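Reviewing the structure listed below.
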Amino acid sequence: MGSIVYPAECPNCGKTATFDDYYHTGELFVYCWHCGLYTTKLTAAFDTYEETKVGGFGIFSLTDKRGRTRVTCLNEYLTLEETEKFAELFNAEETDSANSYLVTYQNGQFTCLLGELPDDFLLSYKEFSEIPDEEKPAFHYIWG
């Protein structure tokens, strides 16, 4: 089964998202590494049969000192208890806090609660697409 993976504008936040189009089955998956949106669409002959949307409330990107990154997409607004749990993980000894962050997305605004966002994080899809390919970080070029 084949698919085409390409960057495009997130329908939720307008940043660069990853679109994974399984053209033989009519399935389209959208992952946004900015607002945390995950959607699936099942289509046939231009009619949408089913659409599922999860997340879109932000992400927690946690990188350990070995360079491994785990991204958690937020499926709803954060509670104080959840924020405290993320803060514990962020402040853990094995965490590379310089490359980790917690950002929420609500009412069209990103709010960084922990860490610092990457330099290109707040660029719109249009702004990001104008950066020459050779200057884009590899992760962002492939995944948005």
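Remember, predicted model here, so these are calculated numbers, not experimental data.
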### Query
Roughly how far, to the nearest 0.5 Å, is the CZ atom of Phe19 from the SG atom of Cys32?
9.0 Å
#### Entry: Spacing of CG belonging to Asp21 relative to NZ belonging to Lys41, to within rounding of 0.5 Å
10.5 Å
### Task
Output, in order, the C-alpha distance, side-chain angles, deciding distance and verdict of ring-ring contact (aromatic ring centres under 6.0 Å, His included) for Tyr77 and Phe57.
CA-CA 6 Å; Tyr77 297 119; Phe57 295 91; 4.8 Å; yes
### Heavy-atom side-chain contact between Asp20 and Ser3 under 4.5 Å
yes
### Query
Would you say Phe60 and Trp33 are hydrophobically clustered, going by side-chain heavy atoms of ILVMFWY under 4.5 Å?
no
### Task
Ignoring hydrogens and angles, tell me if any N or O in the side chain of Glu127 forms a donor-acceptor pair with the backbone of Ser124 under 3.5 Å.
yes
### Task
Check the angle between the aromatic planes of Phe110 and His34 and answer parallel, tilted or perpendicular using the 30° and 60° thresholds.
perpendicular
### Query
Do side-chain atoms of Asp64 reach the backbone of Arg66 as a donor and acceptor pair under 3.5 angstrom?
yes
### Message
Taking atom CD as the centre, does Glu130 end up with more than 12 heavy-atom neighbours from other residues, nucleotides or ligands that are less than 6.0 angstrom away?
### Response
yes
### Task
Please tell me if the side chains of Tyr22 and Leu28 come closer than 4.5 Å, counting only heavy atoms from C-beta onward.
no
### Task
Could you pull out the closest heavy-atom pair between Leu113 and Leu78, with the gap in Å?
CD1-CD1, 4.0 Å
#### Entry: Glu82, CD atom: more than 12 neighbouring heavy atoms under 6.0 Å
yes
### Message
Rounded to the nearest 0.5 Å, what separates atom CG in Leu37 from atom SG in Cys13?
### Response
8.0 Å
### Summary
Hits for side-chain hydrogen bond (donor to acceptor under 3.5 Å, both in side chains) against Thr52, two or more places apart or cross-chain, chain-then-number order -> none
### Query
For the rings on Tyr101 and Phe90, is their centre-to-centre separation under 6.0 Å?
no
#### Entry: Closest approach of Cys35 to Ile59 (non-hydrogen atoms, all atoms of both residues)
C-CG2, 4.2 Å
## Note on the structure
Rounded to the nearest 0.5 Å, the CG atom of Leu74 sits from the OG1 atom of Thr104 at a distance of 8.0 Å
### Query
Roughly how far apart are Leu89 CG and Glu94 CD, rounded to 0.5 Å?
8.5 Å
### Message
Can you tell me if Glu134 has over 12 outside heavy atoms packed within less than 6.0 Å of its CD?
### Response
yes
### Query
Which heavy atom in Ser61 sits nearest to a heavy atom in Val71, and how many Å separate them?
OG-CG2, 4.1 Å
### Query
When rounded to the nearest 0.5 angstrom, what distance separates CG in Asp120 from OG1 in Thr16?
8.5 Å
### Message
We want to know whether Thr25 and Glu27 form a side-chain donor-acceptor pair, criterion being a heavy-atom distance below 3.5 angstrom.
### Response
yes
### Message
Could you see if Leu114 belongs to whatever hydrophobic cluster contains Leu117? Use Ile, Leu, Val, Met, Phe, Trp, Tyr and a side-chain cutoff under 4.5 Å.
### Response
no
### Summary
What one should report as the nearest heavy-atom pair of Asn99 and Asp96 is ND2-OD2, 2.7 Å
### All ring-ring contact (aromatic ring centres under 6.0 Å, His included) counterparts of Tyr125, not counting sequence neighbours
none
### Query
Are more than 12 heavy atoms from other residues, nucleotides or ligands located less than 6.0 Å from atom NZ of Lys85?
no
### Task
Taking all non-hydrogen atoms of both residues into account, name the closest pair between Gly56 and Asn12 and its distance.
O-ND2, 3.3 Å
#### Entry: Lys65 (side chain) donor-acceptor with Glu93 (main chain) under 3.5 angstrom
yes
### Summary
Phe121 and Lys15 have their tightest heavy-atom pair at O-CD, 4.0 Å
### Task
Please work out which of the three classes, parallel, tilted or perpendicular, describes the rings of Phe29 and Tyr38, given edges at 30° and 60°.
parallel
